[in-house]
Protein chains: 2
Amino acid sequence: MGRPKSTRPYHHGELREALVATGRRLLEEKGIRGFTLRECARRALVSHAAPAHHFASLDDLLAEIAVRGYQELTAAMETELRRATDAPAARLVAQGVGYMAFAAANPVLFQLMFSREANRFESQALAAAAKGAHDLQVAAVASLIPRASADVKQGMVDFAWASVHGFITLVLEGQIGEGDTPRALKSRGVSMLAAMVETVLRAGGEP
Amino acid sequence: MGRPKSTRPYHHGELREALVATGRRLLEEKGIRGFTLRECARRALVSHAAPAHHFASLDDLLAEIAVRGYQELTAAMETELRRATDAPAARLVAQGVGYMAFAAANPVLFQLMFSREANRFESQALAAAAKGAHDLQVAAVASLIPRASADVKQGMVDFAWASVHGFITLVLEGQIGEGDTPRALKSRGVSMLAAMVETVLRAGGEP
DNA sequence: GCCCGCGTCCTGACAGTGCCAAGTTGATCT
DNA sequence: AGATCAACTTGGCACTGTCAGGACGCGGGC
């Protein structure tokens, strides 16, 4: 909101949010290694040193962007969940679809969130945001195989998450489905999810 | 090999290999974003512009390092394969173990190989090197479900790869098994592999 | 109504980066 | 021996992140 950009008051007013927003666009445009604090500042129409008052360093800005990413990832999963039926299997599949849809729509951000670099940030906010998505997955698996032991449940959470994450990751990097149309790719993703759910069910003792 | 370092002849003689070697170490030390051509040159005891005569750009050097990575990944899978029995299921599991062992031993290199950045290199050599590892996976799945259709086989190759790749990726990023001992982690990995094999078998019509 | 504090932003500078240009060295071939 | 030429050098450019110090202007206290 704030003032019209044409006047450009000395005090930007919402620079922090502006940096996160433009930074996110810049990230998707240039990739992680092409991401630049100065270009960010330029696009937000402030001087090159202005961001320092809101983010201690470049990594600090990236960390904040990653946190937003996790929140949006969780939201994407929840959105897909709302469209699904009550059947636990359908809900687990829906979450997987939401997960992959978010990754496909924000490939570089997704890579940032799950990159070793992001881990170096070590921020609690980031860990908390990541936990949100993880909790959803745990809940979905638990309601799919309620009678399974805790050990089996954890194993199946690992398995489910790894399948979904690995699949979309390899797709984004062009290692899977190189020549496929987006449509064909999605159908491959969904049938992969179906196979995964089946195994979870069996391991959980639900025929 | 070559001359003693102390003399340091004007012509290094094996600068290309030296850059790949030190570059790889530097990569693992500093991470992808901390990787620097000049630091590489410094460690190889040459001037900052010397690498240009062997690699057109920083990305070019990274691409070469990634190619070596793929070759080593393939080798790691083959090594584990040699230790395995003839049972197709055991062989597929063994390959997965080799894959994960390589990733765990070279986390940053592994990230580089499967990063969006690496994809921009677009080199044929890189694609060919990546194909080596992929072919192994195809063969292992094919011998596990010989009677399945080509479509199902391809789907299961993707699935097997995705689950292995996803699991080790999430582990490396600390999203799975944060507090686990290495021993516990490996057992989680192996049971994930078991679930994967089960899925492949069922999808392939082998009870 | 005025002034002053302080958060917000600015300009300027420094060391470090990738890459390009032009010069220097030394191994190799005729 | 002299010429050739790839391998290496120094130097410079535009760019980066970060730090220091100064300019601005919104708010609260008189």
Side-chain angles (χ1 to χ4, degrees), chain A residues 1-23 26-27 29-66 112 115 117-118 120-121 123, chain B residues 1-23 26-27 29-66 112 115 117-118 120-121 123:
Chain A
M1 313 282 83
R3 313 95 199 293
K5 288 171 194 166
S6 54
T7 70
R8 178 140 112 80
Y10 189 90
H11 289 80
H12 182 291
E14 295 179 350
L15 184 52
R16 184 171 230 272
E17 283 309 308
L19 286 172
V20 171
T22 64
L26 183 61
L27 186 68
E29 257 178 61
K30 302 289 181 76
I32 294 182
R33 270 182 40 230
F35 184 85
T36 272
L37 208 49
R38 280 168 116 109
E39 176 67 22
C40 251
R42 236 171 274 136
R43 295 196 182 187
L45 304 176
V46 293
S47 81
H48 67 260
H53 294 269
H54 300 276
F55 301 99
S57 68
L58 188 151
D59 283 0
D60 210 40
L61 172 52
L62 283 180
E64 177 64 24
I65 293 178
L112 170 70
S115 80
E117 327 275 338
R120 290 189 64 257
F121 304 156
S123 108
Chain B
M1 303 253 138
R3 309 99 201 291
K5 288 172 194 166
S6 53
T7 71
R8 177 140 113 80
Y10 189 90
H11 286 81
H12 183 292
E14 295 179 350
L15 183 52
R16 184 170 228 274
E17 283 310 308
L19 285 172
V20 171
T22 63
L26 183 61
L27 186 68
E29 257 178 60
K30 302 291 181 72
I32 293 183
R33 268 181 42 228
F35 183 85
T36 272
L37 209 49
R38 280 167 117 108
E39 176 66 21
C40 252
R42 235 170 276 135
R43 294 196 182 187
L45 304 176
V46 294
S47 82
H48 65 260
H53 293 269
H54 300 276
F55 300 98
S57 68
L58 188 151
D59 283 0
D60 209 41
L61 173 53
L62 284 180
E64 177 65 24
I65 293 177
L112 170 71
S115 80
E117 328 275 337
R120 291 189 65 259
F121 304 157
S123 107

From the candidates C/dC10, D/dT9, C/dG18, the one with an atom nearest any side-chain atom of B/Thr36 is C/dG18

Using whole Å, report how far CD of B/Glu14 lies from C1' of D/dA6. 16 Å

For the pair made of CZ in A/Phe55 and C1' in C/dT8, what is the distance, rounded to whole Å? 14 Å

Can you check the B/Leu45 CG to D/dA7 C1' distance for me, whole Å? 16 Å

Minimum heavy-atom separation for A/Ser47 and A/Ala41, please, with both atom names. O-CB, 3.4 Å

In whole angstroms, how far is the P atom of C/dC19 from the NE2 atom of B/His54? 16 Å

Checking all strands, does A/Arg33 fall into the base, sugar-phosphate, or nothing category for heavy-atom contacts under 4.0 angstrom? nothing

Between D/dG17 (C1') and A/Leu62 (CG): distance, integer Å: 12 Å

Nearest whole Å is fine: how far is D/dT16 P from A/Ile32 CD1? 18 Å

Least distance between heavy atoms, A/Leu112 atom then A/Leu62 atom: CD2-O, 3.7 Å

Show the distances under 3.5 angstrom between N or O atoms of the protein and N or O atoms of nucleotides 18-20 of chain D.
unit_1	atom_1	unit_2	atom_2	d
D/dT18	OP2	A/Leu58	N	3.0
D/dT18	O4	A/Arg38	NH1	3.1

To the nearest Å, give me how far apart NE2 (A/His53) and C1' (D/dC24) are. 12 Å

For the student: nearest non-hydrogen atoms of A/Phe35 and A/Lys30, plus distance: N-CB, 4.4 Å

Where B/Ile32 and B/Leu27 come nearest, the two heavy atoms and their spacing: CA-CD1, 4.0 Å

Stepwise side chain to side chain contact (heavy atoms under 4.5 Å, CB included) check, B/Val20 with B/Phe55: CA-CA 10 Å; B/Val20 171; B/Phe55 300 98; 3.9 Å; yes

Is any side-chain nitrogen or oxygen of A/Arg42 closer than 4.0 Å to OP1 or OP2 of D/dC15? no

Heavy-atom pair with the smallest gap, counting every atom of B/Ala44 and B/Leu15: CB-CD1, 4.1 Å

